[in-house]
Amino acid sequence: MSLIKLDIAKSGVTVDEGMMARAQQANALLHSGEGEGNDFLGWVNLPSSIDAEQIAAIEAQAAQLRAKAEVVICIGIGGSYLGAKAVIEAMNDSFEYLHRKHANPTVVFAGQNISEDYTYELLEAVKDYSIAAIVISKSGTTTEPAIAFRIIKAEIEKRYGKADAATRIVAVTDKARGALKTLATNEGYPTFVIPDDVGGRFSVLTPVGLLPLAVAGVDIKALVAGAVEMEKATAADVPVEENLSAIYAIARNALYESGKKTEILGSYEPKLQYVAEWWKQLYGESEGKDGKGIFPASVTLTADLHSMGQYIQEGERTLFETIISVAEAKHTVKVEADAENLDGLNFLAGKRISEINKMAELGVQLAHIDGGVPNIRVEIPAIDEKSIGALIYFFEKACGISGYILGVNPFNQPGVEAYKKNMFALLDKPGYEEESKKIKARL
Ligand code: PA5
């Protein structure tokens, strides 16, 4: 039984032969390495290539950080941030911060913004806790994490001295290139390598995601095992009609070609909010180029039915929705009968909250379909490591197939550079003198 169930029956899409052939060919290209961006296909067979030795090395390093620090600051942005953040949020108790006893260090994030207040408040918040850091950057030159790391490195060195700092800081970066690699070598930090052929947004199952996740107490073996199942279930020799990633890619491309330009990923589990953030980066950076691509948006339900619900129901009819549905809640809470029934809710007495949530999900689905918003449903059995691992690979594979169907290179992100040039020019970075003059004149 597959960990993922996909239902496109309410998307209005009929999968035709032509689209099936395009998806089959796209999947074949991902496996043969003959498509665009083929330098970055290391993620395709990544789950099954992770061996016990690699897991053991990550877990051993995680154990060292766990022994030393109550708070581990994980520094990175984009693909070097969102995967770990998504899985930690999904696996954590929603009120972790209120629990007095922490079995695991708290993993907090930095370098995903340049907010002075965020930085100040982070330093203040960790003042009374022992700390360590994981600094993650594939290029080793990204400005946001580099700034955060400079500050956090100084804080760690001030507290523990340089020698001990080198046991509290772990770098995850390229094997040879970039400022972070040089710095890590000079300072003697333990270092994990991001494979050359795995791009940032496809890197959650490398040490980029696995190390912070192991520190946070996530069962990374189960996460990888879930991904391995989906790797097998979407392999090159799997017929397209049985390949759920291919079917999802087909449905979303068919909807896009019919004028549905925005895909909203929704879930009725607030813990999955960052899975949607990770998904937005995966699809946004992979497909949004050459003047094309579905705009990836997200909602957390039912909360957003009271904010975005009106628009989804009756706004521009260019939307479709993909719902991550969770079959089983982990815990049981029921609505009790109330003798006075002043709130009129006795019709729900005895029902589990998850049952009510499911009816909300089904009711909203039909309402949105009636309003002209096609609906795709991706179901996982539960929010656990294995299911989340499967979901990660399901979306990654679908993204690769989808990008090739769309006719873009899903593995580059040339557009990300534009803002950097302007920012460096505005900050008078050496080498940007000409751009500096020009851009300042435009302000
Ligand atoms: O998917 C990508 O490649 C990007 O989002 C990167 O992950 C992001 O820009 C961070 O890059 P780096 O890891 O080089 O600091």
Side-chain angles (χ1 to χ4, degrees), residues 30 36-44 46 73-87 109-114 133-153 169-184 189 191-213 274-289 293 296 298 392-393 395-400 402-403 408-424 429:
L30 292 174
E36 264 201 287
N38 53 7
D39 287 352
F40 291 98
L41 292 173
W43 59 273
V44 174
L46 176 69
I73 305 167
C74 190
I75 302 162
I77 195 166
S80 292
Y81 155 63
L82 282 162
K85 173 78 175 168
V87 180
F109 293 89
Q112 80 281 33
N113 60 56
I114 329 176
I134 304 172
V135 53
I136 308 171
S137 177
K138 180 162 188 203
S139 62
T141 56
T142 307
T143 310
E144 292 92 332
I147 294 170
F149 183 54
R150 182 180 274 217
I151 291 165
I152 286 152
K153 176 177 180 283
I169 296 172
V170 180
V172 183
T173 190
D174 186 80
K175 65 175 184 315
R177 278 180 316 127
L180 179 58
K181 173 65 191 164
T182 312
L183 203 151
Y189 299 152
T191 302
F192 286 82
V193 171
I194 309 174
D196 280 347
D197 56 357
V198 180
R201 57 191 172 275
F202 290 85
S203 70
V204 54
L205 298 171
T206 72
V208 168
L210 297 182
L211 180 60
L213 292 174
Y274 269 88
V275 169
E277 295 302 321
W278 168 84
W279 171 91
K280 285 196 284 196
Q281 188 219 356
L282 181 65
Y283 281 80
E285 274 192 348
S286 299
E287 294 193 319
K289 51 197 71 158
S298 67
I392 285 170
Y393 192 87
F395 278 135
E396 286 181 351
K397 193 58 169 305
C399 183
S402 191
V408 297
N409 173 356
F411 308 113
N412 64 5
Q413 53 285 328
V416 176
E417 297 309 311
Y419 92 93
K420 293 184 189 168
K421 204 172 72 185
N422 289 352
M423 185 174 83
F424 292 149
K429 186 174 176 174

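Atoms within a ligand are numbered from 1 in the order they appear, just like the ligands themselves. Position 1 is the first residue of the sequence, and the numbers go up from there.
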Under 4.0 Å from a heavy atom of [X]: which atoms of ligand 1 are those, numbered in the order shown and with their elements?
X: Gln281; result: 1 (O), 2 (C), 4 (C), 5 (O)
X: Arg201; result: 1 (O), 2 (C), 3 (O)
X: Gln413; result: 3 (O)
X: Thr142; result: 11 (O), 12 (P), 14 (O), 15 (O)
X: Ser80; result: 7 (O), 12 (P), 13 (O)
X: Ile77; result: 7 (O), 8 (C), 10 (C)
X: Ser139; result: 12 (P), 14 (O), 15 (O)

Notebook entry, point to check: More than 12 foreign heavy atoms under 6.0 Å from NZ of Lys421: is that the case here?
Noted result: no
Margin query: Would you call the rings of Phe411 and Trp43 parallel, tilted or perpendicular, taking 30° and 60° as the class edges?
Written below: tilted
Checklist line | Trp278-Tyr274 aromatic ring centre distance below 6.0 Å | finding: no
Notebook entry, point to check: Do any N or O atoms from the side chain of Tyr81 and from the backbone of Phe109 form a donor-acceptor pair under 3.5 angstrom?
Noted result: no
Note to self: Between Arg201 and Ser286, do the side chains contain a donor N or O and an acceptor N or O under 3.5 Å apart?
What the structure shows: yes
Specify the protein heavy atom at minimum distance from [atom]: its residue, its atom name, and the distance to 0.1 Å.
atom: atom 7 (O) of ligand 1; value: Gly79 N, 2.9 Å
atom: atom 4 (C) of ligand 1; value: Glu285 OE1, 3.4 Å
atom: atom 3 (O) of ligand 1; value: Gly200 N, 3.5 Å

Item checked: Atom of Gly76, atom of Pro145 and distance for their closest heavy-atom approach -> CA-CB, 4.0 Å
Check: Do you know which two heavy atoms are closest between Leu180 and Ile136, and how far apart they sit?
Finding: CD2-C, 4.4 Å
Item checked: Residue among Val208, Leu210, Val172, Thr173 satisfying side-chain contact (heavy atoms from CB on, under 4.5 Å) with Phe192 -> Val172
Check: Heavy-atom distance from atom 9 (O) of ligand 1 to the protein below 4.0 Å?
Finding: no
